[in-house]
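Along the sequence shown, the residues carry numbers beginning at 1. Nothing here was measured: the structure is a model prediction, and the numbers come from that model.
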Amino acid sequence: MKKIYGSFLAIGAVWLLSACSLSEDAANLYKQEAPLQIETEVPEDIASGETVTFEAKLTQNGEPVDEANFVHFEVRKQDGSIPYPMKDAQPAGNGVYEMEVNFRSDGLYFLEMHAGSGDAISNPQYQFIVGELSESELESLKEGPAPDAGSSGAHH
């Protein structure tokens, strides 16, 4: 009786394990993520008192994203003395979004974009200079970027 029971147990185990084999099309059963791409150019020469229009082109699967869930631009001075509030970017067509900023003082600045389309989110950051840099800002450039201490802005 033990031999019969052992044989049934072995056959059952083999049958169960064969049912767990990987299907060849298993990868196609899962949702394929399409990353959100953001292309932007920050002007090289920005003078204090100048108004600059930042543009960002959003694409997904190689196609322009004209109806993103959200596109925000955030500009802040490196030393934290001038934080511009996060603003909704305005759609300009063909996947391009823009925002104008008037820079009141010289210094090292950061432009951070927050964009989402479908389930994809992108959050690139760019560093740029307005006018002349102070000694501490020049030293900061030599040291390189500070480690990311987490997000300081609103979450979506």
Side-chain angles (χ1 to χ4, degrees), residues 17-156:
L17 289 175
S18 68
C20 295
S21 67
L22 182 62
S23 173
E24 289 182 21
D25 67 340
N28 295 330
L29 299 175
Y30 294 94
K31 182 178 178 182
Q32 302 295 316
E33 183 177 325
L36 180 62
Q37 303 293 323
I38 299 178
E39 296 174 27
T40 191
E41 289 184 23
V42 177
E44 286 190 32
D45 295 318
I46 302 173
S48 181
E50 184 178 352
T51 298
V52 175
T53 301
F54 290 108
E55 291 185 349
K57 180 167 180 129
L58 275 62
T59 57
Q60 201 166 20
N61 289 327
E63 297 294 321
V65 177
D66 288 322
E67 296 183 22
N69 298 353
F70 60 89
V71 180
H72 307 298
F73 286 58
E74 183 177 10
V75 177
R76 60 184 160 76
K77 196 168 180 184
Q78 182 265 343
D79 64 5
S81 64
I82 302 178
Y84 292 86
M86 188 182 310
K87 288 184 176 179
D88 288 333
Q90 300 302 311
N94 201 27
V96 175
Y97 295 82
E98 58 188 23
M99 180 188 83
E100 286 187 349
V101 178
N102 182 281
F103 292 97
R104 300 178 291 243
S105 66
D106 291 355
L108 182 61
Y109 286 83
F110 294 96
L111 167 66
E112 188 170 354
M113 289 179 257
H114 309 265
S117 177
D119 292 337
I121 295 175
S122 187
N123 190 306
Q125 179 172 294
Y126 302 89
Q127 180 176 293
F128 61 98
I129 298 169
V130 174
E132 301 293 321
L133 295 181
S134 68
E135 289 298 320
S136 64
E137 290 168 328
L138 283 170
E139 197 61 37
S140 173
L141 278 177
K142 290 177 188 175
E143 292 172 6
D148 188 11
S151 177
S152 62
H155 294 277
H156 304 281

Between [X] and [Y] (side chain of the first, backbone of the second, donor and acceptor by atom type, cut-off under 3.5 Å), is there such a pair?
{"X": "N69", "Y": "A115", "result": "no"}
{"X": "S48", "Y": "R104", "result": "yes"}
{"X": "K77", "Y": "Y84", "result": "no"}
{"X": "E139", "Y": "S136", "result": "no"}

Would you please test I46 and V52 for side-chain contact (heavy atoms from CB on, under 4.5 Å) and show each step? CA-CA 8 Å; I46 302 173; V52 175; 3.6 Å; yes
Do [X] and [Y] have side chains that approach each other closer than 4.5 Å (heavy atoms only, starting at C-beta)?
{"X": "E63", "Y": "V65", "answer": "no"}
{"X": "F110", "Y": "Q127", "answer": "yes"}
{"X": "Q37", "Y": "P35", "answer": "yes"}
{"X": "L111", "Y": "V75", "answer": "yes"}
{"X": "I121", "Y": "H114", "answer": "no"}

Going by the rule ring pair (Phe, Tyr, Trp, His ring centres under 6.0 Å), which residues pair with F128 if we only count those two or more places apart in sequence or in a different chain? F54, F103, Y109
What's the spacing between [X] [atom1] and [Y] [atom2] if we round to 0.5 Å?
{"X": "L133", "Y": "L138", "atom1": "CG", "atom2": "CG", "result": "5.0 Å"}
{"X": "I38", "Y": "S122", "atom1": "CD1", "atom2": "OG", "result": "3.5 Å"}
{"X": "M113", "Y": "M86", "atom1": "CE", "atom2": "CE", "result": "12.5 Å"}
{"X": "S134", "Y": "L108", "atom1": "OG", "atom2": "CG", "result": "8.5 Å"}
{"X": "E74", "Y": "K87", "atom1": "CD", "atom2": "NZ", "result": "12.5 Å"}
{"X": "T40", "Y": "L58", "atom1": "OG1", "atom2": "CG", "result": "10.0 Å"}

Smallest separation among heavy atoms of [X] and [Y], with atom names:
{"X": "G49", "Y": "N102", "answer": "O-ND2, 3.3 Å"}
{"X": "E67", "Y": "Y97", "answer": "N-OH, 3.6 Å"}
{"X": "D88", "Y": "Q90", "answer": "O-NE2, 3.5 Å"}
{"X": "N94", "Y": "P64", "answer": "OD1-CG, 3.3 Å"}

Given S117 and Q60, is the side-chain hydrogen bond (donor to acceptor under 3.5 Å, both in side chains) satisfied, shown in steps? CA-CA 8 Å; S117 177; Q60 201 166 20; 2.9 Å; yes
Decide side-chain contact (heavy atoms from CB on, under 4.5 Å) for Q78 and E137; before the verdict, give the C-alpha distance in whole Å, the side-chain angles of both, and the deciding distance to 0.1 Å. CA-CA 8 Å; Q78 182 265 343; E137 290 168 328; 4.0 Å; yes
Around atom CD of E132, are there more than 12 heavy atoms from other residues, nucleotides or ligands closer than 6.0 Å? no
CG/D45: more than 12 non-hydrogen atoms of other groups inside 6.0 Å: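 Atom CG in D45 is not crowded, with 12 or fewer foreign heavy atoms closer than 6.0 Å.
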